[in-house]
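These notes concern the structure reproduced below.
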Amino acid sequence: MLTESESIANLVNYLDEDFAKATGIIHQSKGRLVVTGIGKSAIIASKIVATLNSTGTPSLFLHAAEAIHGDLGMVQPGDVVICISKSGNSPEIKVLAPLLKRDGNVLIGMTANKDSFLGKESDYVLHAYVESEACPNNLAPTNSTTAQLVLGDALAVCLMELNNFKSEDFAKYHPGGALGKKLLLRVGDMLDDTHRPAVTPDSSIKQAIFEISAKRLGVTAVLEGEKVVGIITDGDIRRMLNDRDNIAGVVAKDIMTHNPKTIKPTEMAADALNTMENFAITQLVVEENGEYKGILHLHDILKEGIV
């Protein structure tokens with residue numbers, strides 16, 4: 001681990017003008033970015049493509065061996081190509097590199113050896129130099145593939161900066177899973193407006209208990225018309241029963257909590273969760289333009305898998 005981390009740290013010393021120019025070329029390109037490689041470098045190329053696609057740079061993976069057996073048609077005029085090879089001298093790369101440039105495509109080589117065939121054939125070189133591998137025999141790709149991966153990440157982050165890529169943009173490409181929901185899901189998307197617990201200020205405690213039990217949200221809003229003037233939680237009911245021997249004549253307005261925490265349907269579910277955490281509560285009143293829309297419960301958020 002230390003050997004690989006040292007190799008990554010040393011990469012900074014090999015960053016030069018080619019990295020900046022290559023990044024600019026990719027950013028300005030009207031075509032796609034094609035990333036290719038052979039062996040373990042092909043696996044790294046595939047991961048780099050995945051990162052670029054998810055951060056706003058349209059990219060595709062081309063296996064170097066398949067490219068010289070028909071898949072070269074994936075590369076179209078105007079595309080920029082990154083070719084990854086530690087040695088830069090593998091047979092497939094020697095065949096492929098000149099073919100990648102035949103339609104005027106810009107070729108960016110990522111290699112540990114700038115003097116290799118790939119290094120000399122490339123328009124720009126991303127110097128992924130490592131002194132040795134972490135492998136005890138200095139054979140298995142370890143430090144070298146980590147260096148390639150880190151250079152790919154650096155490239156992706158620079159392109160994000162150039163493209164002014166924001167979290168909202170990130171959400172467009174990650175709609176599924178917890179990450180997508182955290183970035184995209186709004187309060188209104190989770191709200192069940194068929195379970196909309198409500199009583200009036202003059203409703204009896206019995207009515208309030210029935211409403212809380214029926215809607216199964218542990219709370220009811222107290223409404224004057226469609227305006228929320230308070231809430232009653234099951235905790236309020238328990239405290240009332242503990243403090244009073246006689247509850248005859250007690251009505252909702254006598255025990256309700258005034259000025260409850262509210263949220264709009266258009267706000268993000270993640271913001272609702274933060275509000276609940278900050279105030280140590282499990283429900284929020286949902287309002288829009290002063291009109292009561294329903295109750296958002298912590299369980300609604302947990303059910304969506306945001307946490």
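Hydrogens, waters and symmetry mates play no part in the numbers below; they use all other heavy atoms, side chains included. For this chain, numbers begin at 1 and follow the sequence in order.
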Fellow cluster residues of Tyr129, listed by chain then number, with links counted only when side-chain atoms sit under 4.5 Å apart:
Tyr14
Each residue besides Leu2 in its hydrophobic cluster should be listed here, by chain and number; the cluster joins Ile, Leu, Val, Met, Phe, Trp and Tyr at side-chain heavy-atom distances under 4.5 Å.
none
Side chains of [X] and [Y]: does their closest heavy-atom pair fall under 4.5 Å?
X      : Y      : result
Asp300 : Asp192 : no
Leu151 : Leu15  : yes
Leu273 : Leu298 : yes
Thr200 : Glu224 : no
Leu155 : Ile82  : yes
Lys227 : Tyr292 : no
Asp271 : Asn274 : yes
His63  : Ile38  : yes

Using atom types as modelled and distance alone, determine if a side-chain donor or acceptor of [X] lies under 3.5 Å from a backbone N or O of [Y].
X      : Y      : value
Ser29  : Gly78  : yes
Thr57  : Asn53  : no
Asp243 : Met240 : no
Asn138 : Ser132 : no

Considering all heavy atoms of both residues, which atom of [X] and which atom of [Y] are nearest to each other, and what is their separation?
X      : Y      : answer
Asp71  : Leu62  : O-CD1, 3.4 Å
Ala97  : Phe117 : CB-CE2, 4.0 Å
Gln283 : Gly218 : NE2-O, 3.5 Å
Ala112 : Val130 : CB-N, 4.4 Å
Ile93  : Pro98  : O-CD, 4.4 Å
Tyr124 : Ala22  : CB-CB, 4.2 Å

If you measure from the Lys or Arg side-chain nitrogens to the Asp or Glu carboxylate oxygens, is any gap between Lys21 and Asp16 under 4.0 Å?
no
Regarding Glu92 and Lys94, does a basic nitrogen lie under 4.0 Å from an acidic carboxylate oxygen?
no
Please table the atom pairs, donor to acceptor, closer than 3.5 Å between any side-chain atom in residues 228-239 and protein atoms at least two apart or in another chain.
unit_1, atom_1, unit_2, atom_2, d
Thr233, OG1, Gly235, N, 3.3
Thr233, OG1, Asp236, N, 3.1
Thr233, OG1, Asp236, OD2, 3.2
Asp236, OD1, Arg239, NH2, 2.7
Asp236, OD2, Thr233, N, 2.9

The complete set of salt bridge (charged side-chain N to carboxylate O under 4.0 Å, His left out) pairs with one or both residues in residues 48-62, sequence neighbours excluded, reads none
Got a sec, which pairs hit salt bridge (charged side-chain N to carboxylate O under 4.0 Å, His left out) with one end in residues 143-156, sequence neighbours left out?
Lys47-Asp153
I'd like to know whether CD of Glu131 has more than 12 heavy-atom contacts from other residues, nucleotides or ligands below 6.0 angstrom.
no
Any chance CG of Asn289 has more than 12 other-residue heavy atoms, nucleotides or ligands included, within less than 6.0 Å?
no
Is there a side-chain contact (heavy atoms from CB on, under 4.5 Å) between Arg216 and His195 once you walk through the steps?
CA-CA 8 Å; Arg216 303 173 68 85; His195 288 72; 5.9 Å; no
According to side-chain contact (heavy atoms from CB on, under 4.5 Å), who are the partners of [X], at least two apart in sequence or on a separate chain?
X      : value
Lys253 : Pro201, Asp202, Val251, Met256
Ser41  : Ile84, Gln148
Met160 : Thr55, Phe165

Once rounded to the nearest 0.5 Å, what's the spacing between atom [atom1] of [X] and atom [atom2] of [Y]?
X      : Y      : atom1 : atom2 : answer
Ser5   : Asn10  : OG    : CG    : 9.5 Å
Leu100 : Thr36  : CG    : OG1   : 6.5 Å
Ile247 : Asp254 : CD1   : CG    : 11.5 Å
Thr142 : Met1   : OG1   : CE    : 12.5 Å

Does the pair Ser144 and Glu133 meet the rule for a side-chain hydrogen bond (donor to acceptor under 3.5 Å, both in side chains), with working shown?
CA-CA 7 Å; Ser144 59; Glu133 301 288 5; 2.6 Å; yes
When you look at Ile212 and Val219, which way does the side-chain contact (heavy atoms from CB on, under 4.5 Å) test go after all the steps?
CA-CA 5 Å; Ile212 292 173; Val219 64; 5.7 Å; no
[X], [Y]: one ILVMFWY side-chain cluster at the under-4.5 Å cut-off?
X      : Y      : result
Leu149 : Leu33  : yes
Val49  : Ile25  : yes
Val81  : Leu60  : yes
Leu52  : Met74  : no
Val187 : Leu185 : yes

Would you sort out whether Leu11 and His127 count as a side-chain contact (heavy atoms from CB on, under 4.5 Å), showing the intermediate values?
CA-CA 8 Å; Leu11 277 181; His127 199 187; over 6 Å; no
Assess the residue pair Asp18 and Asp123 against the criterion (side-chain contact (heavy atoms from CB on, under 4.5 Å)); give the C-alpha distance rounded to whole Å, side-chain angles, the decisive distance to 0.1 Å, and a yes or no.
CA-CA 9 Å; Asp18 269 18; Asp123 298 298; over 6 Å; no
Please table the atom pairs, donor to acceptor, closer than 3.5 Å between any side-chain atom in residues 204-211 and protein atoms at least two apart or in another chain.
unit_1, atom_1, unit_2, atom_2, d
Ser204, OG, Gln207, N, 3.1
Ser204, OG, Gln207, OE1, 3.4
Gln207, OE1, Ser204, N, 2.8
Glu211, OE2, Ala198, N, 3.0
Glu211, OE2, Lys215, NZ, 2.8

Sequence neighbours excluded and cut-off under 3.5 Å, please list the side-chain donor-acceptor pairs for residues 101-111, or say none.
unit_1, atom_1, unit_2, atom_2, d
Lys101, NZ, Glu121, O, 2.8
Asn105, ND2, Gln76, O, 2.9
Asn105, ND2, Asp79, O, 2.9
Thr111, OG1, Ser85, O, 2.9
Thr111, OG1, Lys86, O, 2.9
Thr111, OG1, Asn113, N, 3.1

Residues 259-268 side chain polar contacts: donor-acceptor under 3.5 Å, at least two apart:
unit_1, atom_1, unit_2, atom_2, d
Glu267, OE2, Lys264, N, 3.4

Under the rule for ring-ring contact (aromatic ring centres under 6.0 Å, His included), what residues qualify as partners of His299, not counting sequence neighbours?
His297
